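So you know, we letter chains A, B, ... as the sequences are listed, proteins then strands, and number each from 1. Keep in mind it's a predicted model, so treat the numbers as computed, not measured.
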Number of protein chains: 2
Amino acid sequence: MIEPRHREALETLLGPKAVLSDPSDMQSYATGARYDRGQAALVLRPASVADLSAAVAYCVQNGLALVPQSGNTGLVSGSTPDQSGAQLVVSLDRLTETFELDLDNRSLKLSAGLRLSDINRRLEPHGLFFPIDLGADPCIGGMVATNTGGSRFLRYGDVRSNVLGLTVVLADEAGTVLELGGSLRKNNTGVDFKQIFIGTSGAFGIVAECTINLERLPAQTATAYLVPASGAHVMPLLRAMEERLGSYLSAFEGMSRNAVAATFSHVPSLRNPFQNGNIPDYVILAEVSRSWQPREGEQSLDAVLESVLAEVFETDDAPLADAFVGPAAEMWSLRHALSEGVKHSGRLIAFDLSFRRGDIMAFCDHMKAEMPAQFPGVTICDFGHIGDGGVHFNLVIDPDGPDAKDVAFEGQLRDYVFKVAVERFGGSFSAEHGIGRKNQTYYDHYTPTRIREMASGLKAITSPGPLGAMRF
Amino acid sequence: MIEPRHREALETLLGPKAVLSDPSDMQSYATGARYDRGQAALVLRPASVADLSAAVAYCVQNGLALVPQSGNTGLVSGSTPDQSGAQLVVSLDRLTETFELDLDNRSLKLSAGLRLSDINRRLEPHGLFFPIDLGADPCIGGMVATNTGGSRFLRYGDVRSNVLGLTVVLADEAGTVLELGGSLRKNNTGVDFKQIFIGTSGAFGIVAECTINLERLPAQTATAYLVPASGAHVMPLLRAMEERLGSYLSAFEGMSRNAVAATFSHVPSLRNPFQNGNIPDYVILAEVSRSWQPREGEQSLDAVLESVLAEVFETDDAPLADAFVGPAAEMWSLRHALSEGVKHSGRLIAFDLSFRRGDIMAFCDHMKAEMPAQFPGVTICDFGHIGDGGVHFNLVIDPDGPDAKDVAFEGQLRDYVFKVAVERFGGSFSAEHGIGRKNQTYYDHYTPTRIREMASGLKAITSPGPLGAMRF
């Protein structure tokens, strides 16, 4: 699909082991984490910012389309090539050299190809971590390009609020390298251009290095499962907890009975902690954390959480039906197993939605009332980040039903769910997964014309060359 | 300076009381909070987003230059007109209608013309506040346009990290109104365009309304003055405090002896809390805060802070020479009086710098060593936000000295300080005051060509009309 002269030129430029052309070598780079198998013309694996810049410059000069790929853990086909076989993947997996820890500044400058788990493993001896908590294990470059949020957004915010600086390579004829922001926390000297590279799937430039804010590892955490008195009591419960704990509430995660049940049946190693194994309609995992070591005469955080829960039980129209404090590791293991769990209970159609917090349960109730009639054989297995408005609205199709293999059915389902989420409830059709081929048509449909024009204009003045899986 | 037909047309459009043309009425709008007295052609005071849009459209269609003005508390001449008399001020001071509190979402949608103090007064009954702590009392529109940081950045971040959505009016022929972001916390569906209107002095569009994140008011705070063993011990001290308190540390503010002394002598109401009134070379105001009410068997936050300080005293090469916990109101009153204090001790040339945290004291030491020889008669009265790298580097010129009234001298001083701060220490020449006529030349000088080209391109695709005091 690609002229041999280009492969040879790129091999000369980057060295032979930085260019993959054998289909079997390229397959994993062309296959998405959840969806899609594409076709790569070549896979480029530059090992330095200079090589990345040179590779991009060559491709732009020769009109070759590039798709940047970091950890390739994304779920919207934003980091893999299409079926055409004309797109080159530029992988960041060899861009791992820079790891400059600044303990005074509590920041880290690092290469885009480093994995989240590896970063936190290297930070732990210093009592520090990068506070984005995810089920997957992406690389930092892709985390910036999708602006991941995760389970502790409530306390630490998203990637955007933890990025101090970026080094990006633009898709222009020079492969321009831009240094944006450095390591400064306060800097208001014009347009903060690093913002346009965050959450835009690499279409405006490739993140090569970044400088991130680090947080102290909590010295103490306490977790509890909360059973709300009803769906309508979830918000009063969240507010009651925030009134008493403020930002020391570090997680407030919702799990529906269907999601929990599917997970228990497919991950047998998990213990069912509920009385007689009866899973409530809805369960909330609440976490409180404190940065200092418990001191003499000071209550444990478990005790603080217990007394907060006791107070909440005593309020009028108590939003709590049941609650128990338990070991963090075990309680989180259920939460983190949910995506795995629901995947095994049938054909999964996943939605990454967000709403104003007060609309989350209203949306879910609406869908539970409306969907069965219109979409029989579809089970709703929702869970999500109630504290920040995010909902992983998962639909599981009966594997033996008539719709199990119907491709058009998935499209109908997506059109319907997004229509209700966006048009009726003012929600987002991509809360933390970004935009890729998988949801491109919804970007085209729901983005106001003026915004799309501004995005195209912005693309023209930053990276005019063909870059990224999505089209602005 | 302006053709009568334009005044008449704008009066017809907005109503006579929304258009000021009498010089005495316009004077306060044309005068900066600290520097400059300009000349306004007219002052427009639209009372609704629709009127603002209509006014902007008319001005763009007729090539009239607009300078948006919010609370006009800025310090870089970003919200006042120049001397030409050709620029119109568009004031947001009548844009105060919207105040939509969403308790479930812990967010507030409000008009750009509302004052910070008013916002927090109205939020207090709900136990909430907008966590940007400033000496001045700006309006929210200007806070967004300058991305203010303040004294609790360490804990809550800047305005950027607390803005959920914006309504902006673009300077195009239609006066296009853009709604960006709504009230969602997680939303990654393309370019987050609201970011380009934050911290850019209104040059890309006028912020008419915004939706902001709110935080719970702390239930308990404890404050202490810390005297570091030496300048070199300030960073070890900050790290020792963060190691023990993490993000419970809500402020870590530095005050030099010169700044404190100037403040005591000019604000006699302040009590000097130091032993025998001897002001240390450098003092740090540390604040710890906790969101929950103290519970039975729980230590007060004062006790926690005391025990942390005791631990720090006991470390090897202890970074602390002295420390005492005291009443928050009194300790903050000194900190908040500093800018007033230094202003009265001579001719003030103020700098709003930032650095990587580890470079702050190095920069100040460098200047204390170098400046006396080159700039005799100049006293350094620095203070700032050590926790986030911000330094209010204030220079006071002896009022009776030869340089007191020399205008060129101020320019030489600015060139020198910025050269050392930016070129030698990699700092920022505008940490939290943004860009205006006062520092335009330094924007022109220190901004890379490619970034300036991108900024001009961005201006062309958003607000091509003449808007704002600064030039991108």
Colleague: Measuring heavy-atom distances to chain B, does A/Thr176 have an atom under 4.5 Å in its side chain, in its backbone, in both, or in neither?
Modeller: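 Contact with chain B: side chain only.
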Colleague: Would you mind checking which part of A/Ser289 comes under 4.5 Å of any heavy atom in chain B, side chain (CB onward), backbone (N, CA, C, O), both or neither?
Modeller: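 Answer is backbone: N, CA, C or O of A/Ser289 sit under 4.5 Å from chain B.
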Colleague: Going through the distances and angles, do B/Asp388 and A/Arg106 end up as a salt bridge (Lys or Arg N to Asp or Glu O under 4.0 Å)?
Modeller: CA-CA 10 Å; B/Asp388 60 51; A/Arg106 204 171 11 87; over 6 Å; no
Colleague: Using non-hydrogen atoms only, which part of A/Gln440 is less than 4.5 Å away from chain B: side chain, backbone, both, or neither?
Modeller: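 Looking at A/Gln440, nothing touches chain B.
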Colleague: Atom CD of A/Glu453 and atom CD1 of B/Ile461: how far apart are they, to the nearest 0.5 Å?
Modeller: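 Separation between the atoms: 10.0 Å.
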Colleague: I need the residue from B/Gly127, B/Gly190, B/Gly387 with the largest number of non-hydrogen atom pairs under 4.5 Å to chain A.
Modeller: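 Max contact count across the listed options: B/Gly190.
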Colleague: So what's closer than 4.5 Å to chain A heavy atoms on B/Glu243: side chain, backbone, both or neither?
Modeller: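 Interface part for B/Glu243: both.
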Colleague: By a 4.5 Å heavy-atom criterion (distance strictly below it), what part of B/Arg155 contacts chain A: side chain, backbone, both, or neither?
Modeller: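 Answer is side chain: those atoms of B/Arg155 sit under 4.5 Å from chain A.
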Colleague: Please classify the contact of A/Arg160 with chain B as side chain, backbone, both or neither, using a heavy-atom distance under 4.5 Å.
Modeller: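 Side chain only.
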Colleague: Out of A/Leu217, A/Asn439, A/Val191, A/Thr200, return the one with the most heavy atom pairs under 4.5 angstrom to chain B.
Modeller: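 If we count pairs closer than 4.5 Å to chain B, A/Val191 comes out on top.
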Colleague: Does any backbone or side-chain atom of A/Asp172 lie under 4.5 Å from a heavy atom of chain B? Answer side chain, backbone, both or neither.
Modeller: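 Side chain of A/Asp172 only, per the 4.5 Å heavy-atom cut-off to chain B.
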Colleague: Looking at side-chain heavy atoms only, is the closest gap between A/Ile451 and B/Leu178 below 4.5 Å?
Modeller: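 When only atoms from C-beta onward are counted, B/Leu178 and A/Ile451 do touch, with a gap below 4.5 Å.
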Colleague: Quick one: what part of B/Arg244 sits under 4.5 Å from any heavy atom of chain A, side chain, backbone, both or neither?
Modeller: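 Looking at B/Arg244, backbone and side chain both touch chain A.
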Colleague: Heavy-atom distances under 4.5 Å only: say whether A/Phe153 touches chain B with side chain, backbone, both or neither.
Modeller: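 For A/Phe153, side-chain heavy atoms alone lie under 4.5 Å from chain B.
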Colleague: Check each atom of B/Gln195 against the heavy atoms of chain A and say whether the ones under 4.5 Å are side chain, backbone, both or neither.
Modeller: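 B/Gln195 touches chain A through side-chain heavy atoms alone.
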Colleague: Between CZ of A/Arg216 and OH of B/Tyr248, what distance do you get to the nearest 0.5 Å?
Modeller: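 If I round to the nearest 0.5 Å, the distance is 14.5 Å.
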Colleague: Considering only heavy atoms, which portion of A/Leu170 lies under 4.5 Å from any heavy atom of chain B: side chain, backbone, both, or neither?
Modeller: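 Interface part for A/Leu170: side chain.
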Colleague: Checking A/Arg356 against chain B: side chain, backbone, both or neither under 4.5 Å from a heavy atom?
Modeller: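 The answer is both parts of A/Arg356.
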Colleague: Does B/Arg185 use its side chain to pair, donor to acceptor, with the backbone of A/Leu154 at less than 3.5 Å?
Modeller: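 Between the backbone of A/Leu154 and the side chain of B/Arg185 there is no qualifying donor-acceptor contact (under 3.5 Å).
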Colleague: So for A/Arg239, is it side chain, backbone, both, or neither that comes closer than 4.5 Å to the heavy atoms of chain B?
Modeller: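 Side chain only.
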Colleague: State the CG-CZ distance between A/Asn187 and B/Phe355, to the nearest 0.5 angstrom.
Modeller: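 The distance works out to 11.5 Å.
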Colleague: Between A/Asp102 and chain B, which part of the residue has a heavy atom less than 4.5 Å away: side chain, backbone, both or neither?
Modeller: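 Looking at A/Asp102, just its side chain touches chain B.
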Colleague: Which bit of A/His385 comes within less than 4.5 Å of chain B, counting heavy atoms only: side chain, backbone, both or neither?
Modeller: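 Contact with chain B: side chain only.
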Colleague: What are the two closest non-hydrogen atoms of B/Ser291 and A/Leu245, and how far apart are they?
Modeller: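 For B/Ser291 versus A/Leu245, the nearest heavy atoms are CB-O, 3.4 Å.
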Colleague: Quick one: does B/Asn188's side chain get under 4.5 Å of A/His433's, heavy atoms only?
Modeller: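 In short, these two side chains do not touch, never coming nearer than 4.5 Å.
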Colleague: For A/Phe204, is it the side chain, the backbone, both or neither that has a heavy atom under 4.5 Å from a heavy atom of chain B?
Modeller: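 Interface part for A/Phe204: side chain.
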Colleague: State whether the side chain of B/Lys186 and the backbone N or O of A/Val391 hold a donor-acceptor pair below 3.5 Å, judged by distance alone.
Modeller: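 No, because the side chain of B/Lys186 does not come within donor-acceptor range (under 3.5 Å) of the backbone of A/Val391.
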Colleague: I need the B/Thr462 OG1 to A/Leu458 CG distance, nearest 0.5 Å.
Modeller: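 B/Thr462 OG1 to A/Leu458 CG: 10.0 Å, rounded to 0.5 Å.
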Colleague: Looking at OG of B/Ser107 and CZ of A/Arg357, how far apart are the two atoms once the value is rounded to the nearest 0.5 Å?
Modeller: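 Interatomic distance, B/Ser107 OG to A/Arg357 CZ, rounded to 0.5 Å: 8.5 Å.
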Colleague: Under 4.5 Å heavy-atom distance to chain B, tell me which part of A/Leu103 shows up: side chain, backbone, both or neither.
Modeller: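 For A/Leu103, the contact with chain B is made by backbone and side chain together.
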Colleague: Measure the CG-CG distance between A/Asp104 and B/Leu238 for me, rounded to the nearest 0.5 Å.
Modeller: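 A/Asp104 CG to B/Leu238 CG: 8.0 Å, rounded to 0.5 Å.
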